[in-house]
Amino acid sequence: MTVTVLLFASYADLLGRTTLGLDLPAGATVEHVLSEVRLLPGASLLPPSPLVAVNRSYALRTTMLSEGDEVALIPPVAGG
Amino acid sequence: MTVTVLLFASYADLLGRTTLGLDLPAGATVEHVLSEVRLLPGASLLPPSPLVAVNRSYALRTTMLSEGDEVALIPPVAGG
Amino acid sequence: MIRAAVVAHPIDFAAMVSEVAHEGNGATSMFLGTVRSDHDGKDVTGIEYSAYEEMATSEMTAILGEARARFGVEHAAIEHRVGSLDVGDISIAVVAATPHRDACLNAVRFIVEATKARAPIWKLEHYVDGSREWVNAGSGNR
Amino acid sequence: MIRAAVVAHPIDFAAMVSEVAHEGNGATSMFLGTVRSDHDGKDVTGIEYSAYEEMATSEMTAILGEARARFGVEHAAIEHRVGSLDVGDISIAVVAATPHRDACLNAVRFIVEATKARAPIWKLEHYVDGSREWVNAGSGNR
(Lines give C-alpha, C1' and ligand atoms only; values in the text may rest on other atoms or scores of the structure.)
Protein backbone atom coordinates (compact mmCIF):
# COMPACT_ATOMS: atom_id res chain seq x y z
CA MET A 1 0.00 0.00 0.00
CA THR A 2 1.02 3.60 -0.50
CA VAL A 3 1.05 6.32 2.12
CA THR A 4 2.03 9.97 1.84
CA VAL A 5 4.46 11.35 4.41
CA LEU A 6 4.39 15.07 5.16
CA LEU A 7 7.32 16.95 6.67
CA PHE A 8 7.12 20.42 8.15
CA ALA A 9 9.25 23.24 9.49
CA SER A 10 12.57 22.06 10.98
CA TYR A 11 11.98 18.48 9.84
CA ALA A 12 11.43 19.63 6.26
CA ASP A 13 14.67 21.61 6.54
CA LEU A 14 16.59 18.60 7.91
CA LEU A 15 15.39 16.24 5.19
CA GLY A 16 15.30 18.78 2.38
CA ARG A 17 11.75 17.90 1.36
CA THR A 18 8.15 18.43 2.47
CA THR A 19 6.57 15.28 1.13
CA LEU A 20 7.46 11.68 0.44
CA GLY A 21 5.54 8.72 -0.98
CA LEU A 22 6.18 5.34 0.67
CA ASP A 23 5.23 1.86 -0.46
CA LEU A 24 4.64 -0.27 2.63
CA PRO A 25 3.58 -3.87 3.29
CA ALA A 26 -0.02 -4.47 4.37
CA GLY A 27 -0.34 -4.12 8.15
CA ALA A 28 2.42 -1.51 8.38
CA THR A 29 2.34 0.88 11.32
CA VAL A 30 3.61 4.39 12.05
CA GLU A 31 6.79 2.71 13.29
CA HIS A 32 7.46 1.41 9.78
CA VAL A 33 7.15 4.93 8.39
CA LEU A 34 9.62 6.24 10.92
CA SER A 35 12.07 3.47 10.05
CA GLU A 36 11.88 4.37 6.38
CA VAL A 37 12.25 8.08 7.04
CA ARG A 38 15.35 7.43 9.13
CA LEU A 39 17.08 6.05 6.04
CA LEU A 40 16.93 9.46 4.35
CA PRO A 41 19.93 11.78 4.31
CA GLY A 42 19.67 14.28 7.19
CA ALA A 43 17.42 12.02 9.26
CA SER A 44 20.04 11.40 11.92
CA LEU A 45 19.09 14.74 13.48
CA LEU A 46 15.43 13.77 13.97
CA PRO A 47 14.52 13.21 17.62
CA PRO A 48 14.16 9.58 18.79
CA SER A 49 10.37 9.80 19.07
CA PRO A 50 8.90 12.52 16.87
CA LEU A 51 5.18 13.27 17.18
CA VAL A 52 3.19 11.78 14.35
CA ALA A 53 -0.28 12.46 12.99
CA VAL A 54 -2.24 10.10 10.77
CA ASN A 55 -4.96 11.70 8.67
CA ARG A 56 -4.68 14.91 10.73
CA SER A 57 -5.00 13.35 14.19
CA TYR A 58 -2.17 12.62 16.60
CA ALA A 59 -1.31 8.93 16.43
CA LEU A 60 0.78 6.30 18.22
CA ARG A 61 3.82 4.46 16.86
CA THR A 62 1.70 1.33 16.86
CA THR A 63 -1.16 2.87 14.85
CA MET A 64 -1.91 0.67 11.82
CA LEU A 65 -1.96 2.37 8.45
CA SER A 66 -4.23 1.97 5.44
CA GLU A 67 -3.86 2.63 1.74
CA GLY A 68 -3.76 6.37 1.04
CA ASP A 69 -3.15 7.49 4.62
CA GLU A 70 -1.52 10.86 5.20
CA VAL A 71 1.24 10.49 7.80
CA ALA A 72 2.75 13.72 9.12
CA LEU A 73 5.85 14.11 11.26
CA ILE A 74 5.10 16.98 13.64
CA PRO A 75 8.06 19.02 14.94
CA PRO A 76 7.69 20.62 18.39
CA VAL A 77 4.78 23.00 17.93
CA ALA A 78 5.18 26.72 18.59
CA GLY A 79 1.94 28.39 17.65
CA GLY A 80 0.48 31.41 19.37
CA MET B 1 -17.38 73.29 59.88
CA THR B 2 -19.22 72.54 56.70
CA VAL B 3 -19.11 69.30 54.73
CA THR B 4 -20.85 68.29 51.53
CA VAL B 5 -22.72 65.00 51.47
CA LEU B 6 -23.21 63.23 48.15
CA LEU B 7 -25.95 60.68 47.53
CA PHE B 8 -26.07 58.33 44.56
CA ALA B 9 -28.29 55.81 42.81
CA SER B 10 -30.77 54.08 45.14
CA TYR B 11 -29.79 56.31 48.10
CA ALA B 12 -30.50 59.43 46.06
CA ASP B 13 -33.86 57.93 45.14
CA LEU B 14 -34.67 57.09 48.78
CA LEU B 15 -33.80 60.56 50.05
CA GLY B 16 -35.00 62.48 47.02
CA ARG B 17 -31.77 64.40 46.63
CA THR B 18 -28.19 64.01 45.41
CA THR B 19 -26.42 66.49 47.62
CA LEU B 20 -26.70 68.00 51.08
CA GLY B 21 -24.68 70.58 53.02
CA LEU B 22 -24.13 69.86 56.69
CA ASP B 23 -22.82 72.09 59.46
CA LEU B 24 -20.97 69.93 61.97
CA PRO B 25 -19.05 70.58 65.17
CA ALA B 26 -15.25 70.48 65.02
CA GLY B 27 -13.98 66.91 65.47
CA ALA B 28 -17.04 65.38 63.86
CA THR B 29 -16.67 61.96 62.25
CA VAL B 30 -18.38 60.02 59.49
CA GLU B 31 -20.70 58.68 62.20
CA HIS B 32 -22.02 62.20 62.79
CA VAL B 33 -22.84 62.56 59.13
CA LEU B 34 -24.73 59.27 59.12
CA SER B 35 -26.71 60.37 62.19
CA GLU B 36 -27.71 63.59 60.46
CA VAL B 37 -28.65 61.83 57.26
CA ARG B 38 -30.86 59.42 59.19
CA LEU B 39 -33.04 62.34 60.23
CA LEU B 40 -34.06 62.96 56.62
CA PRO B 41 -37.38 61.71 55.25
CA GLY B 42 -36.86 58.36 53.52
CA ALA B 43 -33.70 57.54 55.46
CA SER B 44 -35.33 54.69 57.37
CA LEU B 45 -34.70 52.47 54.33
CA LEU B 46 -30.93 53.06 54.36
CA PRO B 47 -28.94 50.00 55.46
CA PRO B 48 -27.53 50.00 59.01
CA SER B 49 -23.94 50.48 57.83
CA PRO B 50 -23.71 52.07 54.41
CA LEU B 51 -20.31 52.34 52.75
CA VAL B 52 -18.89 55.84 52.98
CA ALA B 53 -16.14 57.64 51.09
CA VAL B 54 -14.42 60.80 52.25
CA ASN B 55 -12.79 62.88 49.53
CA ARG B 56 -13.15 59.98 47.07
CA SER B 57 -11.58 57.25 49.22
CA TYR B 58 -13.42 54.61 51.21
CA ALA B 59 -13.51 55.64 54.89
CA LEU B 60 -14.43 54.28 58.30
CA ARG B 61 -17.28 55.45 60.54
CA THR B 62 -14.63 56.80 62.90
CA THR B 63 -12.83 58.83 60.22
CA MET B 64 -12.49 62.44 61.41
CA LEU B 65 -13.72 65.12 59.05
CA SER B 66 -12.33 68.52 58.11
CA GLU B 67 -13.81 71.71 56.76
CA GLY B 68 -14.89 71.30 53.16
CA ASP B 69 -14.73 67.51 53.07
CA GLU B 70 -16.78 65.65 50.50
CA VAL B 71 -18.59 62.75 52.17
CA ALA B 72 -20.31 60.26 49.88
CA LEU B 73 -22.72 57.49 50.82
CA ILE B 74 -21.97 54.60 48.47
CA PRO B 75 -24.81 52.18 47.66
CA PRO B 76 -23.84 48.57 46.85
CA VAL B 77 -21.75 48.94 43.71
CA ALA B 78 -22.72 47.18 40.51
CA GLY B 79 -20.28 48.28 37.85
CA GLY B 80 -19.05 46.14 35.01
CA MET C 1 1.04 53.80 30.26
CA ILE C 2 -1.97 53.09 32.38
CA ARG C 3 -5.25 54.97 31.95
CA ALA C 4 -8.67 54.75 33.59
CA ALA C 5 -11.71 56.73 32.54
CA VAL C 6 -15.44 57.01 33.00
CA VAL C 7 -16.91 57.89 29.61
CA ALA C 8 -20.32 58.97 28.35
CA HIS C 9 -19.75 57.87 24.75
CA PRO C 10 -19.58 54.42 23.12
CA ILE C 11 -16.39 52.55 24.01
CA ASP C 12 -13.91 52.03 21.15
CA PHE C 13 -12.16 48.86 22.29
CA ALA C 14 -10.01 48.63 19.15
CA ALA C 15 -8.51 52.03 19.96
CA MET C 16 -7.76 50.80 23.47
CA VAL C 17 -5.95 47.76 22.07
CA SER C 18 -3.82 50.11 19.96
CA GLU C 19 -3.19 52.24 23.02
CA VAL C 20 -1.57 49.38 25.00
CA ALA C 21 0.42 48.06 22.03
CA HIS C 22 4.19 48.12 22.45
CA GLU C 23 6.84 46.23 20.49
CA GLY C 24 8.04 44.50 23.65
CA ASN C 25 4.60 43.01 24.29
CA GLY C 26 3.72 39.60 22.87
CA ALA C 27 0.34 39.24 24.56
CA THR C 28 -2.76 41.39 24.81
CA SER C 29 -5.84 40.44 26.78
CA MET C 30 -9.19 42.19 26.78
CA PHE C 31 -12.51 41.92 28.58
CA LEU C 32 -15.76 43.55 27.49
CA GLY C 33 -18.91 43.72 29.54
CA THR C 34 -22.08 44.10 27.48
CA VAL C 35 -25.73 44.65 28.37
CA ARG C 36 -27.55 41.33 28.36
CA SER C 37 -31.13 40.87 27.25
CA ASP C 38 -32.07 39.09 30.45
CA HIS C 39 -31.27 39.26 34.13
CA ASP C 40 -32.50 36.63 36.55
CA GLY C 41 -35.17 35.66 34.05
CA LYS C 42 -36.45 39.20 33.46
CA ASP C 43 -36.35 40.69 29.95
CA VAL C 44 -34.07 43.71 29.95
CA THR C 45 -34.55 46.58 27.50
CA GLY C 46 -31.61 48.68 28.65
CA ILE C 47 -29.48 49.82 31.56
CA GLU C 48 -28.86 53.28 32.97
CA TYR C 49 -25.34 53.38 34.38
CA SER C 50 -24.35 56.10 36.81
CA ALA C 51 -21.15 56.71 38.73
CA TYR C 52 -19.45 58.84 41.32
CA GLU C 53 -17.21 59.73 38.43
CA GLU C 54 -14.19 61.29 40.13
CA MET C 55 -13.95 58.50 42.69
CA ALA C 56 -14.61 55.76 40.11
CA THR C 57 -11.76 57.16 38.01
CA SER C 58 -9.37 57.33 40.94
CA GLU C 59 -10.39 53.86 42.20
CA MET C 60 -9.88 52.33 38.74
CA THR C 61 -6.53 54.13 38.41
CA ALA C 62 -5.51 52.65 41.77
CA ILE C 63 -6.58 49.19 40.58
CA LEU C 64 -4.39 49.53 37.46
CA GLY C 65 -1.51 50.51 39.76
CA GLU C 66 -2.13 47.39 41.84
CA ALA C 67 -2.14 45.29 38.65
CA ARG C 68 1.22 46.78 37.73
CA ALA C 69 2.63 45.91 41.16
CA ARG C 70 1.18 42.39 41.18
CA PHE C 71 1.58 41.30 37.58
CA GLY C 72 4.16 43.69 36.12
CA VAL C 73 1.61 45.14 33.68
CA GLU C 74 3.02 48.37 32.24
CA HIS C 75 0.36 48.89 29.56
CA ALA C 76 -3.28 48.75 30.60
CA ALA C 77 -6.43 50.77 30.12
CA ILE C 78 -9.95 50.64 31.45
CA GLU C 79 -13.05 52.54 30.41
CA HIS C 80 -16.45 52.33 32.05
CA ARG C 81 -19.38 53.88 30.30
CA VAL C 82 -22.21 55.78 31.98
CA GLY C 83 -25.60 56.86 30.66
CA SER C 84 -28.32 54.92 28.86
CA LEU C 85 -27.13 51.69 27.27
CA ASP C 86 -29.07 49.33 25.05
CA VAL C 87 -28.82 45.57 24.94
CA GLY C 88 -25.47 44.66 23.35
CA ASP C 89 -23.77 47.96 24.22
CA ILE C 90 -20.36 47.77 25.88
CA SER C 91 -20.43 48.96 29.49
CA ILE C 92 -16.83 48.20 30.44
CA ALA C 93 -13.63 47.47 28.54
CA VAL C 94 -10.36 46.38 30.13
CA VAL C 95 -7.21 45.80 28.06
CA ALA C 96 -3.72 44.88 29.18
CA ALA C 97 -0.59 44.04 27.21
CA THR C 98 2.52 42.34 28.53
CA PRO C 99 5.58 40.50 27.19
CA HIS C 100 4.10 37.08 28.07
CA ARG C 101 0.55 35.81 28.26
CA ASP C 102 0.09 34.81 31.89
CA ALA C 103 0.57 38.32 33.19
CA CYS C 104 -2.01 39.96 30.95
CA LEU C 105 -4.58 37.17 31.37
CA ASN C 106 -4.26 37.35 35.16
CA ALA C 107 -4.22 41.14 35.18
CA VAL C 108 -7.40 41.54 33.14
CA ARG C 109 -9.30 39.19 35.43
CA PHE C 110 -7.99 41.02 38.49
CA ILE C 111 -8.84 44.46 37.07
CA VAL C 112 -12.37 43.41 36.09
CA GLU C 113 -13.10 41.80 39.44
CA ALA C 114 -11.62 44.64 41.49
CA THR C 115 -13.51 47.22 39.45
CA LYS C 116 -16.80 45.41 39.93
CA ALA C 117 -16.12 45.15 43.66
CA ARG C 118 -14.80 48.65 44.34
CA ALA C 119 -15.65 51.24 41.70
CA PRO C 120 -18.63 53.39 42.74
CA ILE C 121 -20.79 52.64 39.73
CA TRP C 122 -24.44 51.62 39.71
CA LYS C 123 -26.92 50.27 37.24
CA LEU C 124 -30.63 50.79 36.95
CA GLU C 125 -32.12 48.07 34.80
CA HIS C 126 -35.17 48.73 32.66
CA TYR C 127 -37.44 45.78 31.98
CA VAL C 128 -39.88 44.98 29.20
CA ASP C 129 -42.80 45.34 31.63
CA GLY C 130 -41.81 48.99 32.26
CA SER C 131 -40.40 48.42 35.74
CA ARG C 132 -36.92 49.54 36.80
CA GLU C 133 -34.61 48.21 39.45
CA TRP C 134 -31.25 49.11 40.95
CA VAL C 135 -29.06 46.06 40.49
CA ASN C 136 -27.30 44.78 43.54
CA ALA C 137 -23.86 43.33 42.85
CA GLY C 138 -23.86 39.64 43.58
CA SER C 139 -27.49 39.22 42.58
CA GLY C 140 -26.70 37.27 39.46
CA ASN C 141 -24.76 39.88 37.52
CA ARG C 142 -21.38 38.14 37.51
CA MET D 1 -21.28 29.48 16.63
CA ILE D 2 -17.72 28.30 16.92
CA ARG D 3 -15.15 28.85 14.19
CA ALA D 4 -11.45 28.10 13.82
CA ALA D 5 -9.30 29.15 10.90
CA VAL D 6 -5.73 29.43 9.73
CA VAL D 7 -5.47 32.66 7.74
CA ALA D 8 -2.84 34.22 5.50
CA HIS D 9 -4.11 37.79 5.90
CA PRO D 10 -4.00 40.27 8.81
CA ILE D 11 -6.37 39.30 11.63
CA ASP D 12 -9.36 41.60 12.15
CA PHE D 13 -10.03 41.08 15.86
CA ALA D 14 -12.88 43.63 15.96
CA ALA D 15 -14.76 41.59 13.36
CA MET D 16 -14.24 38.50 15.50
CA VAL D 17 -15.70 40.30 18.53
CA SER D 18 -18.77 41.17 16.44
CA GLU D 19 -18.97 37.57 15.31
CA VAL D 20 -19.35 36.18 18.85
CA ALA D 21 -21.75 38.92 19.98
CA HIS D 22 -25.18 37.71 21.04
CA GLU D 23 -27.81 39.51 23.11
CA GLY D 24 -27.72 36.79 25.75
CA ASN D 25 -24.00 37.36 26.36
CA GLY D 26 -22.85 39.82 29.00
CA ALA D 27 -19.15 39.06 28.78
CA THR D 28 -16.60 38.86 25.98
CA SER D 29 -12.99 37.94 26.46
CA MET D 30 -10.19 38.15 23.91
CA PHE D 31 -6.54 37.23 23.66
CA LEU D 32 -4.12 38.47 21.00
CA GLY D 33 -0.63 37.16 20.46
CA THR D 34 1.70 39.63 18.75
CA VAL D 35 5.24 39.40 17.43
CA ARG D 36 7.64 40.74 20.04
CA SER D 37 10.82 42.64 19.24
CA ASP D 38 12.94 40.34 21.36
CA HIS D 39 13.13 36.68 22.27
CA ASP D 40 15.51 35.43 24.94
CA GLY D 41 17.52 38.60 24.53
CA LYS D 42 17.84 38.41 20.73
CA ASP D 43 16.50 41.24 18.57
CA VAL D 44 13.72 39.91 16.37
CA THR D 45 12.91 41.50 13.02
CA GLY D 46 10.00 39.20 12.12
CA ILE D 47 8.57 35.71 12.28
CA GLU D 48 7.64 33.31 9.52
CA TYR D 49 4.68 31.21 10.71
CA SER D 50 3.86 27.96 8.97
CA ALA D 51 1.25 25.32 9.71
CA TYR D 52 -0.09 21.94 8.75
CA GLU D 53 -3.18 23.91 7.89
CA GLU D 54 -5.88 21.25 7.63
CA MET D 55 -4.81 19.61 10.89
CA ALA D 56 -4.33 22.94 12.70
CA THR D 57 -7.87 23.92 11.71
CA SER D 58 -9.35 20.62 12.87
CA GLU D 59 -7.32 20.65 16.09
CA MET D 60 -8.42 24.22 16.91
CA THR D 61 -12.02 23.32 16.06
CA ALA D 62 -11.76 20.37 18.47
CA ILE D 63 -10.37 22.70 21.15
CA LEU D 64 -13.34 25.05 20.73
CA GLY D 65 -15.62 22.04 21.13
CA GLU D 66 -13.83 21.10 24.34
CA ALA D 67 -14.23 24.69 25.59
CA ARG D 68 -17.96 24.42 24.91
CA ALA D 69 -18.16 21.17 26.87
CA ARG D 70 -16.06 22.44 29.78
CA PHE D 71 -17.20 26.05 30.09
CA GLY D 72 -20.50 26.19 28.22
CA VAL D 73 -19.08 28.59 25.64
CA GLU D 74 -21.47 28.73 22.69
CA HIS D 75 -19.81 31.65 20.88
CA ALA D 76 -16.09 31.48 20.24
CA ALA D 77 -13.67 32.01 17.39
CA ILE D 78 -9.98 31.53 16.83
CA GLU D 79 -7.76 32.63 13.98
CA HIS D 80 -4.08 31.86 13.61
CA ARG D 81 -2.12 33.67 10.96
CA VAL D 82 0.59 32.12 8.80
CA GLY D 83 3.18 33.77 6.57
CA SER D 84 5.66 36.57 7.22
CA LEU D 85 4.79 38.71 10.22
CA ASP D 86 6.50 41.88 11.40
CA VAL D 87 7.01 43.00 14.98
CA GLY D 88 3.63 44.04 16.37
CA ASP D 89 1.59 41.94 13.94
CA ILE D 90 -1.12 39.73 15.44
CA SER D 91 -0.32 36.01 15.10
CA ILE D 92 -3.29 34.61 17.01
CA ALA D 93 -6.66 35.93 18.15
CA VAL D 94 -9.06 34.07 20.42
CA VAL D 95 -12.46 35.50 21.36
CA ALA D 96 -15.25 34.01 23.43
CA ALA D 97 -18.54 35.42 24.63
CA THR D 98 -20.75 34.01 27.37
CA PRO D 99 -23.60 35.14 29.62
CA HIS D 100 -21.26 35.60 32.62
CA ARG D 101 -17.61 36.53 32.89
CA ASP D 102 -15.98 33.51 34.50
CA ALA D 103 -16.82 31.20 31.63
CA CYS D 104 -15.33 33.38 28.90
CA LEU D 105 -12.22 34.32 30.90
CA ASN D 106 -11.53 30.65 31.66
CA ALA D 107 -12.36 29.55 28.13
CA VAL D 108 -10.01 32.01 26.44
CA ARG D 109 -7.12 30.94 28.63
CA PHE D 110 -7.90 27.27 27.94
CA ILE D 111 -8.20 27.79 24.18
CA VAL D 112 -4.93 29.76 23.97
CA GLU D 113 -3.00 27.23 26.02
CA ALA D 114 -4.43 24.20 24.24
CA THR D 115 -3.74 25.75 20.85
CA LYS D 116 -0.13 26.53 21.74
CA ALA D 117 0.28 22.96 23.01
CA ARG D 118 -1.50 21.05 20.26
CA ALA D 119 -1.96 22.96 17.00
CA PRO D 120 0.67 21.98 14.41
CA ILE D 121 2.04 25.48 13.84
CA TRP D 122 5.68 26.54 13.78
CA LYS D 123 7.61 29.75 13.79
CA LEU D 124 10.91 30.64 12.25
CA GLU D 125 12.29 33.75 13.91
CA HIS D 126 14.44 36.19 11.98
CA TYR D 127 16.99 38.14 13.97
CA VAL D 128 18.69 41.46 13.44
CA ASP D 129 22.03 39.70 12.83
CA GLY D 130 20.51 37.89 9.83
CA SER D 131 20.25 34.49 11.53
CA ARG D 132 17.02 32.47 11.67
CA GLU D 133 15.86 29.88 14.14
CA TRP D 134 12.93 27.50 14.56
CA VAL D 135 11.38 28.34 17.89
CA ASN D 136 10.84 25.49 20.27
CA ALA D 137 7.72 25.80 22.42
CA GLY D 138 8.67 26.17 26.04
CA SER D 139 11.90 28.01 25.21
CA GLY D 140 10.69 31.30 26.55
CA ASN D 141 7.83 31.97 24.17
CA ARG D 142 5.00 31.75 26.71
Side-chain angles (χ1 to χ4, degrees), chain B residues 2-22 29-31 33-34 36-38 40-80, chain C residues 4-7 11 31-36 39-40 47-63 78-82 85 90-94 108-125 132-142:
Chain B
T2 307
V3 302
T4 301
V5 178
L6 302 181
L7 301 165
F8 295 97
S10 57
Y11 294 177
D13 281 1
L14 283 177
L15 298 168
R17 60 171 85 201
T18 59
T19 183
L20 173 73
L22 284 183
T29 63
V30 165
E31 186 64 50
V33 171
L34 293 177
E36 293 287 335
V37 169
R38 288 192 198 290
L40 297 172
S44 62
L45 291 172
L46 285 177
S49 287
L51 277 177
V52 175
V54 175
N55 299 332
R56 303 160 191 180
S57 291
Y58 287 109
L60 303 174
R61 296 166 74 105
T62 53
T63 298
M64 296 256 290
L65 300 175
S66 304
E67 169 66 28
D69 276 354
E70 184 174 285
V71 180
L73 272 63
I74 309 286
V77 301
Chain C
V6 173
V7 300
I11 291 175
F31 176 83
L32 303 177
T34 49
V35 176
R36 269 190 300 143
H39 182 214
D40 288 347
I47 295 182
E48 184 88 22
Y49 277 92
S50 58
Y52 181 9
E53 295 197 14
E54 302 86 344
M55 181 175 166
T57 303
S58 73
E59 199 67 27
M60 292 190 302
T61 302
I63 289 164
I78 177 170
E79 289 191 2
H80 201 298
R81 188 171 168 193
V82 291
L85 276 69
I90 298 169
S91 54
I92 183 174
V94 174
V108 164
R109 181 187 289 266
F110 168 79
I111 294 164
V112 171
E113 293 184 350
T115 298
K116 285 177 178 260
R118 291 159 47 184
I121 300 174
W122 303 279
K123 54 183 178 187
L124 184 63
E125 282 189 342
R132 301 155 21 128
E133 199 172 288
W134 289 103
V135 176
N136 216 316
S139 67
N141 68 321
R142 296 193 73 215

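Letters A, B, ... mirror the listed sequences (proteins, then strands); counts begin at 1.
- Interface residue C:Ser58: only side-chain heavy atoms are found under 4.5 Å from chain B.
- Nearest heavy atom pair, residue C:Tyr52 against residue B:Ala72, reads CE2-CB, 3.4 Å.
- Of the two parts of B:Leu6, only the side chain, counted from C-beta on, holds a non-hydrogen atom closer than 4.5 Å to a non-hydrogen atom of chain C.
- With a 4.5 angstrom heavy-atom cutoff, C:Ala93 does not touch chain B via any of its atoms.
- Taken to the nearest 0.5 Å, the CD atom of C:Glu59 stands 5.5 Å off from the OH atom of B:Tyr58.
- When all heavy atoms are compared, the tightest approach of C:Met55 to B:Arg56 is CG-O, 3.2 Å.
- Counting heavy-atom pairs closer than 4.5 Å to chain C, the top residue among B:Ala53, B:Ser57, B:Gly80 is B:Gly80.
- To the nearest 0.5 Å, the span separating CH2 on C:Trp134 from OH on B:Tyr11 amounts to 12.0 Å.
- Crowding of C:Arg132 atom CZ: a count of heavy atoms from other residues, nucleotides or ligands under 6.0 Å not exceeding 12.
- Counting all heavy atoms, side chain and backbone alike, B:Val77 lies closest to C:Ala117 at CG2-O, 3.3 Å.
- Note: C:Pro120 leads C:Gly33, C:Ala62, C:Pro120 in heavy-atom pairs under 4.5 Å with chain B.
- Annotation: side chain of C:Trp122 is in contact with side chain of B:Ile74 (closest heavy-atom distance under 4.5 Å).
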